[in-house]
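The structure presented is a predicted model; accordingly, all values stated were derived computationally and were not measured. Below, read A as the first sequence line, B as the second, and so on, with proteins coming before strands; counting in each chain starts at 1.
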Number of protein chains: 2
Amino acid sequence: MIEARHLRVLRAVAATGSFSAAARELGCTQPAVSQQMKALEQSTGTPLLIRTGREMRLTQAGDALVRHAAGILAGLTAAEEEVAAIAGLRAGRVRLVSFPSGSSTLVPAALAALRAAHPGTRVSLVEAEPPRSVEMLREGDCDVALAFRYEGRRDASQKKGGGGRREGEGATADDWDDLVVRPLLADRLVGLIPENHRLSGDDAVSIAEFADESWIAGCPRCRRQLVDVCESAGFVPRIDFATDDYPAVIGLVGAGLGVAVLPELALESVRPKGARTVTVEPAVHREIVALTLPDLARVPTVAATLDQLAAAADRLSAAAAH
Amino acid sequence: MIEARHLRVLRAVAATGSFSAAARELGCTQPAVSQQMKALEQSTGTPLLIRTGREMRLTQAGDALVRHAAGILAGLTAAEEEVAAIAGLRAGRVRLVSFPSGSSTLVPAALAALRAAHPGTRVSLVEAEPPRSVEMLREGDCDVALAFRYEGRRDASQKKGGGGRREGEGATADDWDDLVVRPLLADRLVGLIPENHRLSGDDAVSIAEFADESWIAGCPRCRRQLVDVCESAGFVPRIDFATDDYPAVIGLVGAGLGVAVLPELALESVRPKGARTVTVEPAVHREIVALTLPDLARVPTVAATLDQLAAAADRLSAAAAH
DNA sequence: CTCAAGCATAAGTGAGGCTTGGAGCCCGGG
DNA sequence: CCCGGGCTCCAAGCCTCACTTATGCTTGAG
């Protein structure tokens, strides 16, 4: 087995014509060079150098080895440089998956900052709702997943014993114990009602006030959360419309077809027309997090993406504070 | 510094998808694989593998490394194979230099046998007389030199003290102490005289009988030897012609222009016309040897060439015995 | 002849790799 | 529900290997 280190020394010897000069060039002592050449000759089983008094000449085998060494060492340094570029954030692609309202607010800000901080890095973005996005993460189809969870459901999975398993499908898709969970921001749920609604003058409204309203619900998880909260308030919401598309929800409310409860973030990039927001009691929050695999969290591009997501989230919540 | 050994292991891990399987493939234990991958990740400074419960996946950096590994390892094995081919006599060129009468007899037989024994090896042949051929050997312009020396001149160089230095030029060109000297055969000097010469009836003639003859001499070294021998016999030869070309010498003798003393080997491949050989007294021999550098003697192609030269010389002298 | 330079060798030291043995984890079968 | 098999990581011990310093030898130049 020829070692690359030996080839490097051999090349230096061939270039300088002497062991001592090669040693100086390589930054080691002359016996080290002498020993390495001896080892290389032993491993190849044939003399590579002929020591003739004055000069050091190559045998044919040595010449062949030096000839190959160029390509091999070039390949090695190319590999090192490419890996270093990825590790040094001068290259590399991170595959991000996000849910819709995240990809329209947090993600653009984060990716713009990432590109500014590390030109050369590339991000591919795919949209998927949390159960599916976590699945993609686990299957290696993405590197970072933006997801959210509603408060009180943090410990949706207690090891194995308890209740768990709300949907037969997900199995452990909602179990994030084995993932790196990076909290980004706490998103508040707000009520959205038509401007001409009877309660549109109030700033804060108990959710029980909406017991008899027609509801427009969002994605499955949000709908489930809505039903839970309403049940706690003592009624079952009458859901007339359900859509993943938040702009559509806002449009429906603006058209006076019902009321909705939706995350503040979903309103960030949309200007509701014909609708206004009200604070609902009890206050409900969802936590937006970035997820990744433990090993991936140590990959520089992934770590940088997480950092930029967190920074964007900070900026976002700071802006909302005003 | 990325080591080729690590790349080999990484490639096995990527191919098999597990450390244990890679270890089995590589013939080592699993912790060895685990440690090597850890070392590789540390030397590159970035994670290369992500261990996700079931399967082992590559990070982008790991993928880049595996991609480069193919070329690097291919280059390494190509280098190993080329060197092995040279070492195993399946390839390689040996540069041979010989004096004329050697290259017409010994050399063809030896090279034919070499090619038969080791197809793939190539030999390049250049003609040069001994002082120059030894110089070429020392300067790296050839690998094996066929040369000859006259008896009594074996120790032409006693370390440094004595007389030495016959020609100011050669300096150490006649000093073979630092060379590998492989004796091939002892070549006897024979007299060559015209068929109508007064002594052509004799089988053995004292050289003193030729004191008044016209002489035709060969190469400078042979001429010098001739002069020495004649001086010992008490006369100075009258040299009317001198040429390196033995066939020309033979032709001149055949034409009755004089007598000559020349090595038997020079007559091996020439049928003298109009001349016949006689044994001269005192008997003079020259020793034909193959020379090479000590380091070169360990090169397989060179060693094989020396062996075939020796074998050819044995066949030649065995044939001459009849 | 003396001096400088270069290579080879020997001995000592240190790092690093490999192995064995054990623990934790996940999966599938009884 | 438990349990065996397979996988990985961790720790400890051993051993090999590479580098260093120090020394001797040879060669070429002044």
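- Atom CZ of Arg5(A) and atom C1' of dA15(C) are 13 Å apart (whole Å).
- Taking 4.5 Å as the limit, some side-chain heavy atom of Val144(B) sits within range of a side-chain heavy atom of Val94(B).
- Side-chain contact between Arg11(A) and Leu73(A) is present, with heavy atoms from C-beta onward closer than 4.5 Å.
- Counting to the nearest Å, the C1' atom of dA18(D) and the CE atom of Met1(B) are 15 Å from each other.
- For the pair Leu49(B) CG and dC7(D) C1', the interatomic distance rounds to 15 Å; values are reported in whole Å.
- For Ser18(B), counting side-chain heavy atoms from C-beta on, the closest listed nucleotide (dC9(D), dT8(D), dG6(C)) is dT8(D).
- Computed from coordinates, the Glu3(B) CD to dA18(D) C1' distance equals 12 Å when rounded to whole Å.
- We find the OG-CZ distance between Ser18(A) and Arg24(A) to be 6.0 Å, quoted to the nearest 0.5 Å.
- If you check residues 28-37 of chain B against DNA chain D, the residues with a heavy atom closer than 4.0 Å are Gln30(B), Pro31(B), Ser34(B), listed by number.
- The distance from atom CD of Glu41(B) to atom C1' of dC9(D) is 13 Å, rounded to the nearest whole Å.
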Can you check nucleotides 3-6 of chain D for protein contacts, nitrogen or oxygen pairs under 3.5 Å, and list what you find?
none

Arg5(A) and Glu3(B): CA distance, side-chain angles, deciding distance, side chain to side chain contact (heavy atoms under 4.5 Å, CB included) verdict: CA-CA 8 Å; Arg5(A) 173 171 38 99; Glu3(B) 299 179 38; 5.8 Å; no
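- When rounded to the nearest whole Å, the span between CG of Leu26(B) and C1' of dT19(C) equals 16 Å.
- When the options Leu146(A), Leu114(A), Ile288(A) are evaluated for a side chain to side chain contact (heavy atoms under 4.5 Å, CB included) with Leu309(A), the one that passes is Leu146(A).
- Rounded to whole Å, atom C1' of dC19(D) lies 17 Å from atom CZ of Arg8(A).
- Note: CG (Leu40(A)) to P (dA18(D)) measures 11 Å, nearest angstrom.
- Taking Phe19(B) as the reference, nothing meets the ring-ring contact (aromatic ring centres under 6.0 Å, His included) condition, with sequence neighbours excluded.
- Put simply, the side chain of Met1(B) does not reach to within 4.5 Å of the side chain of Ser43(B), judged on heavy atoms.
- The phosphate of dT9(C) (OP1 or OP2) has a side-chain N or O of Lys38(A) nearer than 4.0 angstrom.
- When the options Val134(A), Val97(A), Thr292(A) are evaluated for a side chain to side chain contact (heavy atoms under 4.5 Å, CB included) with Cys142(A), the one that passes is Val97(A).
- OP1 and OP2 of dG6(C) both lie 4.0 Å or more from every side-chain N or O belonging to Arg51(A).
- For the atom pair Leu293(A) CG and Arg51(B) CZ, the distance stands at 12.5 Å (nearest 0.5 Å).
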